Amino acid sequence: MLRRRTALVTGAARGIGRAVAEKLAESGFSVAVNYNTSEKEALQLVEKLQSRGINSIAVQADVSDYREVMRLYEQCHAYFGFIDTLVNNAGICSSKILCDCTPADYERTLNVNLRSVFNTCRLFSPDMVSEGFGRIVNIASVWGERGASAETLYSTSKAGIIGFTKALNAELAPSNVIVNCVSPGFIDTAMNASLSPGEVEEFLSGVSLGRAGTAEEVADAVELLTREKLYIAGADIPVNGGML
Ligand code: NAP
């Protein structure tokens, strides 16, 4: 059945989230652009999408906070009605060896990266089940699959997303609400801007394609997982240029 599609992308003002929002808009979706701090960029994106005739709104919410996600849900519901596609992209990285990590670092990393996925799925998926259609794509990471030195908290949060994705898909796929995740490798965004040229070179020496990925290349994989006709479910799709 062809239906009018509407997506919420978290952390969509910049980086991978922005590329996902633009890709979905190009594919005919109406798009709710969630942001936390990047208001100017979010409003610019919405203006750009609206100038192309795409129905779009920007909604501020810290997705680690359940009450803020309740407000996000209410605003999306009031404006669009049913949101059939949820892309959980918002995330932060924390690079510290474990003995330098504080309980506050643990709370913040796990809350922003993993609790946020619980918050949005908990609030947005019941409508998908009622409608008998939904697509959820979570952005995990290669470090959630493999683990990385000095990235224990980040790796833990992303491994949690992979487990959450598989479990929730088992629960919801029978209702035609399909849940998958994408695990990017090294993607050229602000998240990696603080790495030195030497660190980048070392990382890319372990990538068979020998280059960083782009946010648009991650967005292509996400878009695939939002399609109506889909036989990929509960999967973790690597978008890492062939990490060795
Ligand atoms: P980025 O450029 O640093 O963007 C991070 C995004 O997350 C921003 O839009 C930010 O929103 C949003 N965000 C952070 N905390 C938030 C919160 N509490 N509530 C709502 N939004 C929040 O990073 P990126 O590279 O695009 O990363 C996007 C996702 O891909 C993350 O989950 C990241 O872990 C994952 N990933 C990235 C790479 C990579 O190499 N870049 C690799 C693997 C996985 P505001 O600016 O509005 O605050």
Side-chain angles (χ1 to χ4, degrees), residues 8-23 31-46 58-73 75-76 86-95 107-120 123 137-148 151 153-162 164-165 181-195 199-200 203-204 206-207 209 211-219 221-222 236-241 243:
L8 165 65
V9 183
T10 68
R14 57 195 182 85
I16 292 170
R18 185 183 182 99
V20 170
E22 296 208 52
K23 178 75 187 177
V31 184
V33 170
N34 159 252
Y35 67 96
N36 186 26
T37 59
S38 299
E39 182 177 29
K40 194 172 114 208
E41 292 85 348
L43 295 177
Q44 277 169 351
L45 174 59
V46 166
V59 187
Q60 193 282 331
D62 173 348
V63 290
S64 69
D65 182 325
Y66 192 76
R67 280 168 306 179
E68 293 206 16
V69 180
M70 284 173 76
R71 181 173 49 72
L72 172 64
Y73 170 78
Q75 283 180 252
C76 289
L86 169 62
V87 180
N88 284 306
N89 161 80
I92 51 171
C93 73
S94 58
S95 299
E107 291 287 325
R108 182 166 148 67
T109 307
L110 272 290
N111 285 349
V112 174
N113 291 359
L114 183 57
R115 184 188 286 259
S116 62
V117 179
F118 163 76
N119 290 342
T120 54
L123 288 161
V137 186
N138 300 321
I139 308 298
S141 166
V142 67
W143 296 144
E145 300 167 338
R146 300 176 181 216
E151 302 267 10
L153 299 181
Y154 181 79
S155 301
T156 300
S157 67
K158 294 299 187 176
I161 289 178
I162 295 168
F164 185 97
T165 298
C181 62
V182 166
S183 282
F186 186 94
I187 308 301
D188 190 12
T189 69
M191 190 169 269
N192 292 316
S194 62
L195 295 178
E199 287 170 321
V200 172
F203 192 94
L204 294 180
V207 174
L209 290 181
R211 65 169 177 86
T214 64
E216 290 70 26
E217 286 166 328
V218 180
V222 172
D236 170 29
I237 306 294
V239 183
N240 61 30
M243 276 181 67

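Counting starts at 1 for both ligands and their atoms, following the listed order. Only heavy atoms go into these numbers, but all of them, side chains included; no hydrogens, no water, no symmetry mates. Predicted, not measured: the structure shown is a model, and the values here were computed from it.
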Exercise. Purely on distance, is any nitrogen or oxygen of A12 under 3.5 Å from one on ligand 1?
Worked result: no
Exercise. Could a heavy atom of A140 be found less than 4.0 Å from some atom of ligand 1?
Worked result: yes
Exercise. Does any N or O atom in S141 lie less than 3.5 angstrom from one in ligand 1, N or O only?
Worked result: no
For this session: Could you say whether the N/O atoms of Y35 and ligand 1 ever approach to under 3.5 Å?
Result: no
Problem set entry | Contact (N/O only, under 3.5 Å) between G11 and ligand 1 | yes
Exercise. For ligand 1, is any non-hydrogen atom under 4.0 Å from T189's backbone (N, CA, C, O), its side chain (CB onward), both, or neither?
Worked result: side chain
Problem set entry | Under-4.0 Å heavy-atom contact with ligand 1, by part of A61 that carries it | backbone
For this session: Using distance alone, determine whether G185 and ligand 1 share an N or O pair under 3.5 Å.
Result: yes
Exercise. Is there a nitrogen or oxygen of S38 sitting under 3.5 Å from a nitrogen or oxygen of ligand 1?
Worked result: yes
Exercise. Any idea which part of N192 is under 4.0 Å from ligand 1, heavy-atom wise: side chain, backbone, both or neither?
Worked result: side chain
Exercise. Can you name the nearest heavy-atom pair linking I139 to V222, along with the distance?
Worked result: CD1-CG2, 3.8 Å
For this session: Would you kindly specify which portion of W143 sits under 4.0 Å from ligand 1, judged on non-hydrogen atoms: side chain, backbone, both or neither?
Result: neither
Problem set entry | Close N or O approach (I187, ligand 1; < 3.5 Å) | yes
Exercise. Any N or O of V63 that comes nearer than 3.5 Å to an N or O of ligand 1?
Worked result: yes
For this session: Quick one: look at C93 and ligand 1, take heavy-atom pairs under 4.0 Å, and tell me if it's side chain, backbone, both or neither.
Result: neither
